[in-house]
Amino acid sequence: MLKANIETFLACDASYEEAGIVLYGAPFDSTTSYRPGTRFGSRAIRSESYGLESYSPYQDRDLTDYAVFDAGDQELCFGDASLALKDLRERAAEIAGDGKIPFMLGGEHLVTLAPVQALAEKYPDLHIIHFDAHADLRQDYLGAALSHACVIRRCHDILGDGRIHQFCIRSGDREEFYFAAEHTQMQKFDFTGLGELAEELERNHTPVYLTIDLDCLDPSCFPGTGTPEAGGVSFVQLTDAIGRTAKLNIVGADVNELAPMLDQSGTSTAMACKVLRELLLVLAANRSTEKLK
Ligand code: MN
Ligand code: MN
């Protein structure tokens, strides 16, 4: 029998009912400070994932064994960040309310604010683990409080001190680094300390939101992003860091800032697909969300 042509991320073809993890795209890039294009990120990841194996030799796990639902891209208002965030917040709240993990594909990094708002309501002791080249701690960017350069500062407005853990940071203005010294836990340049942090959060079964800005990767291997920043981590370092989050109580996640058209070779998109596969496998295995046979 012929079936409708529905494109999902690699092997993420479970029904919503059976799925423990729900993927959804947030194709929004209106506050991008430098080179736009991340609105095409989620669609490119879905489309190019056919070139990737569903089996991970790193984890000896296969995505075909797990129940992940892909809801496609959400239709968002490009001209009004507040409206876009409101729609994304409702989506995250609905998925979390159904007992599933909301997993968002950006889009620019501002979209992270929406699921964090929704999940902080459900989990008042929420922590954030943040991988990024940029601190994203500006109070405003050219007067705009809602900007991808301010997203973690807006998350701090909600969560307060000591609950935001930043890694790989190598760019920001002086005030952002001074702010971090007082209010967040920031590891510059790499993932040092992530293992110890994970152990502590695991012990207390702390709910964690994991946000991965793909520009934490070095632009020599990942040039397809709007604000490339030299001196980043390798793919192997990033997947190793993802592995260290394996036993955490992750209640929401996102991968953001792929701008596929800025890397005509397609390598950045292919790498984003692989990062996503590894993170999905870690989350799915931890949550025991095997497919019904
Ligand atoms: Mn960012
Ligand atoms: Mn960044």
Side-chain angles (χ1 to χ4, degrees), residues 26-42 45 81 84-85 88 104-117 128-142 144-159 164-173 175-177 179-180 183-191 209-235 237-238 241-242 252-260 262-263 268-269 271-272 275-276 279:
F28 182 83
D29 62 3
S30 305
T31 83
T32 302
S33 53
Y34 186 27
R35 309 183 302 174
T38 62
R39 71 175 65 179
F40 303 109
S42 47
I45 285 174
L85 289 170
L88 288 167
M104 188 172 59
L105 302 177
E108 60 155 86
H109 208 165
L110 177 64
V111 296
T112 296
L113 181 58
V116 167
Q117 287 169 329
I128 294 176
I129 295 181
H130 168 220
F131 301 164
D132 203 326
H134 308 94
D136 290 351
L137 286 171
R138 288 173 195 262
Q139 178 57 28
D140 66 84
Y141 185 74
L142 302 178
L146 293 178
S147 159
H148 74 156
C150 312
V151 62
I152 300 301
R153 183 66 175 265
R154 296 290 83 77
C155 293
H156 177 269
D157 293 344
I158 302 168
L159 301 183
I164 295 173
H165 313 276
Q166 306 181 274
F167 292 89
C168 305
I169 311 296
R170 57 189 183 276
S171 174
D173 69 12
E175 282 69 34
E176 291 179 85
F177 283 91
F179 182 87
H183 303 285
T184 74
Q185 185 185 63
M186 182 193 279
Q187 172 63 35
K188 287 191 275 191
F189 313 128
D190 61 19
F191 295 107
Y209 187 87
L210 175 61
T211 179
I212 301 182
D213 183 331
L214 290 165
D215 67 27
C216 66
L217 289 159
D218 193 77
S220 61
C221 65
F222 191 87
T225 192
T227 325
E229 193 68 44
V233 297
S234 68
F235 170 79
Q237 282 175 288
L238 178 56
I242 287 171
D254 66 64
V255 171
N256 60 72
E257 293 283 357
L258 167 70
L262 296 177
D263 177 4
S268 303
T269 303
M271 191 174 296
V275 170
L276 181 56
L279 179 52

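Keep in mind the model is a prediction, meaning the values are calculated, not measured. Start at 1 and go down the list; that is how both ligands and their atoms are numbered.
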- Between Thr32 and His148, is a side chain to side chain donor-acceptor pair (under 3.5 Å) present by the stated rule, with each step listed? CA-CA 6 Å; Thr32 302; His148 74 156; 4.8 Å; no
From the Mn ion (ligand 1) out to just under 2.8 Å, does an N/O/S atom of [X] turn up?
{"X": "Asp136", "answer": "yes"}
{"X": "His130", "answer": "no"}
{"X": "Asp132", "answer": "yes"}

- Task: Ignoring hydrogens and angles, tell me if any N or O in the side chain of Glu257 forms a donor-acceptor pair with the backbone of Leu214 under 3.5 Å.
- Result: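 Side chain of Glu257 to backbone of Leu214, a donor-acceptor pair under 3.5 Å: no, none is there.
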- Looking at the Mn ion (ligand 2), which N/O/S atom of Asp213 is the nearest one?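 That would be atom OD2.
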- Measure the OG1-CG distance between Thr112 and Asp254 for me, rounded to the nearest 0.5 Å.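 If we round to the nearest 0.5 Å, Thr112:OG1 and Asp254:CG are 3.5 Å apart.
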- Query: What heavy-atom pair brings Arg170 and Phe177 nearest, and what distance separates the two atoms?
  - Reply: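 Heavy atoms of Arg170 and Phe177 come nearest at C-CZ, 4.4 Å.
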- Locate the shortest heavy-atom distance separating Asp136 from His130; write the atom from each residue and the value.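 So the minimum-distance heavy-atom pair works out to OD2-NE2, 4.1 Å.
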- Vertex the Mn ion (ligand 2): angle to OD2 of Asp215 and ND1 of His134, to 10°?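 An angle of 90° at the metal.
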- Metal check, the Mn ion (ligand 2) vs Glu229 N/O/S, cut-off below 2.8 Å: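 False for Glu229.
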- Task: Would you check if there is a donor-acceptor pair between the side chains of His109 and Thr211 at a distance under 3.5 Å?
- Result: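 The criterion, which ignores hydrogens and geometry beyond distance, is satisfied for His109 and Thr211.
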- Task: Give the atom name of whichever N/O/S atom in His109 sits closest to the Mn ion (ligand 1).
- Result: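 That would be atom ND1.
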